[in-house]
Amino acid sequence: EVQLVESGGGLVQAGGSLRLSCAASGFTFDDYAIGWFRQAPGKEREGVSCISSSDGRTYYADSVKGRFTISSDNAKNTVYLQMNNLQPEDTAVYYCAADSIDKSINIWYLTYEYDSWGQGTQVTVSS
């Protein structure tokens with residue numbers, strides 16, 4: 001059974017940093033694409049970043065480029081999202097998602113491309 005568990009969320013002031021973790025189990029981590037998504041109140045879930053565990057390709061939403069960095073530790077079956085210079089508009093529940101099919105630049109941000117989801121972790125950025 002595929003399981004994804006997010007952690008690392010919290011309350012931070014604008015300009016601060018957080019590192020989210022997504023611990024994965026129940027599948028061969030090296031063969032999966034792992035994505036980070038977020039959902040703010042009243043808004044649709046949106047793609048934030050994605051990493052291909054097989055070759056390390058990464059993708060980012062324009063809104064987080066230069067501020068967020070996705071990385072993976074295949075030995076620990078864990079994907080990280082380092083978030084710097086956080087802004088109030090980054091406030092959302094952050095989810096990680098996994099899928100066995102690698103993602104291209106045109107589809108990595110589509111929620112229906114991912115089979116498995118974590119429960120989410122809240123990130124709140126105060127101004």
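Heads up: numbering here begins at 1 and tracks the sequence.
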What closest approach, in Å, do Ala98 and Ile34 show between heavy atoms, and which atom pair accounts for it?
CB-CD1, 3.6 Å

If you round to the nearest 0.5 Å, how far is CD1 of Ile70 from OG of Ser52?
10.5 Å

Can you tell me how far apart CD (Gln82) and OG (Ser49) are? Round to the nearest 0.5 Å.
12.0 Å

Please name the pair of heavy atoms, one in Ala40 and one in Ala92, separated by the smallest distance, quoted to 0.1 Å.
N-CB, 3.8 Å

Is the backbone of Asp115 close enough, under 3.5 Å, to the side chain of Asp99 for a donor and an acceptor to pair up by distance?
yes

Quick one: does Leu110's side chain get under 4.5 Å of Lys103's, heavy atoms only?
no

Check whether any side-chain N or O of Glu46 sits under 3.5 Å from a backbone N or O of Glu44 as a donor-acceptor pair, and report yes or no.
no

Is there a side-chain contact between Cys22 and Trp36 in this structure, where contact means two heavy atoms from C-beta onward sitting under 4.5 Å apart?
yes

In the structure I gave you, are the side-chain heavy atoms of Val48 and Met83 within less than 4.5 Å of one another anywhere?
no

Hphob cluster co-occupancy, Tyr32 + Tyr112, side-chain heavy atoms under 4.5 angstrom:
no

Heavy-atom closest contact (Gly9 atom, Thr121 atom, distance):
N-OG1, 3.2 Å

Specify the closest pair of heavy atoms between Tyr60 and Phe68, including all atoms of both residues, with the distance to one decimal.
CE2-O, 3.2 Å

Heavy atoms of Gln122 and Thr91 approach each other most closely as NE2-CG2, 4.0 Å

Residues in ring pair (Phe, Tyr, Trp, His ring centres under 6.0 Å) with Tyr114, at least two apart?
Phe37

With side chains defined as the heavy atoms from C-beta onward, is the minimum distance between Lys76 and Ser21 less than 4.5 Å?
no

Could you point out which residue of Asn106, Ile105, Ile51 forms a side-chain contact (heavy atoms from CB on, under 4.5 Å) with Tyr59?
Ile105

Val93 with Leu18, same ILVMFWY side-chain cluster at under 4.5 Å:
no

Atom CD in Gln119, atom SG in Cys96: separation rounded to 0.5 Å?
7.5 Å

Hey, any chance Val64 and Tyr109 share a hydrophobic cluster, counting ILVMFWY side chains that come within less than 4.5 Å of each other, even indirectly?
no

Using the rule that two of Ile, Leu, Val, Met, Phe, Trp, Tyr join whenever any of their side-chain heavy atoms come within less than 4.5 Å, decide whether Trp117 and Ile107 are in one cluster.
yes

Asp102 and Arg57, any side-chain heavy atoms less than 4.5 Å apart
yes

Hey, any chance Trp108 and Leu20 share a hydrophobic cluster, counting ILVMFWY side chains that come within less than 4.5 Å of each other, even indirectly?
no

Straight-line distance of Arg45 CZ to Arg38 CZ, nearest 0.5 Å:
13.0 Å

Tyr94 OH to Gln39 CD distance, which is reported to the nearest 0.5 Å:
12.0 Å

Kindly determine whether Asn74 and Ser72 satisfy side-chain hydrogen bond (donor to acceptor under 3.5 Å, both in side chains), including the steps that lead there.
CA-CA 6 Å; Asn74 288 8; Ser72 69; 3.3 Å; yes

What is the minimum heavy-atom distance between Ser116 and Leu4, and which atoms define it?
O-CD1, 3.5 Å

Using a 4.5 Å cut-off on heavy atoms from C-beta on, say whether the side chain of Glu6 contacts that of Tyr95.
yes

